[in-house]
Amino acid sequence: MPFKNLQDLLKSLESRKQLVRIKESVSPDLEITEITDRVVKQNGPALLFENPVNSPFPVLTNLYGSLERIQVIFDIEKLDDLGRGFARFLEIAPPKGWVEKLKLLPKLKEAANIFPKTVKRAPCQEIINTENPDLTQLPVLTCWPEDGGPFITLPVVITRHPGTGKRNLGLYRMQVYDKITAGLHWHVHKDGAEHYRKSSPTEPFPVAVALGPDPITTYCATAPLPDGVDELFLSGFLRQKPVEMVKCITCDLEVPAESQFVLEGYVNRGELKTEGPFGDHTGYYSPADGYPVFHLTALTHRKDPIYPTTIVGYPPMEDQWLGKVTERLFLPLIKQQLPEIMDMNLPVEGCFHNLCFVRIRKAYPGHAQKVMQAIWGLGQMMFSKMIFIFDKEVDVQDLSQVLFHLGGNVDPGRDITVVKGPVDALDHAATLPHVGTKMGVDCTAKWPSEGYTRGWPELIRMSPDVVARIDGIWKSLGL
Ligand SMILES: Cc1cc2nc3c(=O)[nH]c(=O)nc-3n(C[C@H](O)[C@H](O)[C@H](O)COP(=O)(O)O)c2cc1C
């Protein structure tokens, strides 16, 4: 059974010694970061700060910060189990015209779970404040010394496309400016930003923000699904249970009923305010820039809500595990389009968009170049700044093998392809924001048909019969 809400999950984590309660009064201003950062780097437990300074609400950090907790949350044994499940999702829900196809399969168990369910009463609306809602009541963290202010770092931002009405959930941080306004940091490439661009220039554009729905739904807001595919379908599929939704009080949107807090409100097209700087997941501060202003019209919450948040910064941080879930979950989708891909590793040191190691079954000259170009054409994989393509023998999860073959097999003048295009909004190395260059490196053995006629050398390996004989006498050698 999936966890219905964070309260259920915390009970389970506590019984597994995966949660530590901190009674000491600590400040959301930098102190919670310092404690969490040390614990994350030791692969430690989730932390519940029960007495944050200046707020009645406990703060939860590092929820997703270990493989063990990812296994508990998603009810899996290995990360690759996620990919196998997703392959099944694609089988029953092919991306093209899939909603229509799904509707033809109401009896299929998985299909029935995919569609969210509307409920009339919801825990997230046990307390409703429309008169005097106040964001500063929340224990919002100022994470790093040079941050522009306090930032809500795990908000599930819900919008609808003004033309198609299709819903989107995206995890975009929010800077709290005062009691009723906050900056909404959706990057220009993201679906929330596209909905905003399509919104009316004269009417307020409704936005609802769920803090702490069930843990799988929060993950799904980070998943790079194509615009038009509702993240709640993925959540329902992964949970094997529909997500329950309730109508907002002051805007025409629905929010997950089990959320801890809900911020209802709107943005006005064209109203921008400085957001940032913010100590970001690249390990650097991302600079201040103009982002839309969210206006709060209602703050609703459970009777005993928990405020969930995360710290990003110099890796490894908690978000490494959210990134690994995406890498493993989406690999089957990538393989469906590029069957020659055997495996892919987006290492945490590369902050997920800087480095991408790919293992392929090379079948024709120039194949590595084809694969890198195709990856740059796949949704948010377009942000991959450096893609390295390896032969099928190379385990790209093993960085020692990766560096060995990268160093040995590449002739830079021949094997490096540089292309221009969109880059991640957080890439500080590009001369301009949002656009720059990307590099693909062909680390495969080169063939005569690719112009290499010197005869590619063979890797040194011992003959199997000798290995077997030495295995047989190994113990007696006393080594
Ligand atoms: C902890 C965390 C914080 C994030 N913050 C932002 C952010 O502030 N702005 C943004 O555009 N994307 C941010 N992302 C990435 C998006 O959530 C991700 O790209 C997602 O796929 C966006 O959803 P969309 O495809 O529906 O736009 C963050 C991801 C994580 C894990």
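Here the structure is a predicted model, which is why all the values come from computation and not from measurement. Note that ligands are numbered from 1 as they come in the structure, with each ligand's atoms numbered from 1 the same way. Residues: numbered from 1 along the sequence shown.
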Undergrad: Of the options Leu169, Leu329, Val325, Leu234, which is the one that meets Cys220 in a side-chain contact (heavy atoms from CB on, under 4.5 Å)?
TA: Leu234
Undergrad: Between Gln380 and ligand 1, is there a nitrogen or oxygen pair with a distance under 3.5 Å?
TA: yes
Undergrad: Within the distance-only criterion (no hydrogens, no angle test), does the side chain of Ser384 pair as donor or acceptor with the backbone N or O of His353 below 3.5 angstrom?
TA: no
Undergrad: Judged by atom type as modelled, is there a donor-acceptor pair below 3.5 Å linking the side chain of Tyr177 to the main-chain atoms of Thr274?
TA: yes
Undergrad: Which ligand 1 atoms are under 4.0 Å away from a heavy-atom of Pro224?
TA: 21 (O)
Undergrad: Does Asp319, backbone or side chain, put an N or O under 3.5 Å from an N or O of ligand 1?
TA: no
Undergrad: Donor-acceptor pair, Arg328 side chain versus Lys78 backbone, under 3.5 Å?
TA: no
Undergrad: Just to confirm my output: which protein heavy-atom neighbour is closest to atom 2 (C) of ligand 1, and how far is it?
TA: Leu171 CD2, 3.3 Å
Undergrad: Below the 3.5 angstrom mark, is there an N/O of Ala223, backbone or side chain, next to an N/O of ligand 1?
TA: yes
Undergrad: Is a donor from one side chain sitting under 3.5 angstrom from an acceptor on the other, for Asp227 and His195?
TA: yes
Undergrad: Does ligand 1 have a heavy atom under 4.0 Å from the side chain of His189, from its backbone, from both, or from neither?
TA: neither
Undergrad: Say whether Leu322, considering both its backbone and side-chain N or O atoms, lies within less than 3.5 Å of an N or O atom on ligand 1.
TA: no
Undergrad: Identify the closest protein heavy atom to atom 15 (C) of ligand 1: which residue and atom is it, and at what distance?
TA: Lys190 NZ, 3.7 Å
Undergrad: For a quick test of reading the model, state the closest non-hydrogen atom pair linking Lys385 to Thr437 and the distance between them.
TA: CG-O, 4.4 Å
Undergrad: When you look for heavy atoms under 4.0 Å from ligand 1, do you find them on the side chain of Ala221, its backbone, both, or neither?
TA: backbone
Undergrad: Can you report which non-hydrogen protein atom sits closest to atom 11 (O) of ligand 1, along with the distance?
TA: His187 N, 3.0 Å
Undergrad: How about His185 and Tyr172: are their ring centroids closer than 6.0 Å?
TA: no
Undergrad: If you round to the nearest 0.5 Å, how far is CD of Gln260 from CG of Leu138?
TA: 12.0 Å
Undergrad: Tell me, please: is Leu169 in heavy-atom contact with ligand 1, that is, under 4.0 Å?
TA: yes
Undergrad: Should the proximity of Asn168 to ligand 1, defined as any heavy atom under 4.0 Å, be assigned to the side chain, the backbone, both, or neither?
TA: side chain
Undergrad: Are Met174 and Val140 close enough that some pair of their side-chain heavy atoms sits under 4.5 Å apart?
TA: no
Undergrad: Tell me which protein heavy atom sits closest to atom 20 (C) of ligand 1, plus the residue, atom name and distance to 0.1 Å.
TA: Thr222 O, 3.4 Å
Undergrad: Counting distance only, does the side-chain N/O of Gln18 pair as donor-acceptor with the main-chain N or O of Glu68 below 3.5 Å?
TA: no
Undergrad: Return a yes/no value for His185: is any of its N or O atoms, backbone included, closer than 3.5 angstrom to an N or O of ligand 1?
TA: yes
Undergrad: Please indicate whether any nitrogen or oxygen in Thr153 is less than 3.5 Å from any nitrogen or oxygen in ligand 1.
TA: no
Undergrad: Does a donor on one side chain and an acceptor on the other come within less than 3.5 Å for Thr309 and Thr153?
TA: yes
Undergrad: Within ligand 1, which atoms have a heavy atom of Glu231 less than 4.0 Å away?
TA: 26 (O)
Undergrad: Looking only at non-hydrogen atoms, which of Tyr291, Phe383, Tyr172 approaches atom 27 (O) of ligand 1 most closely?
TA: Tyr172
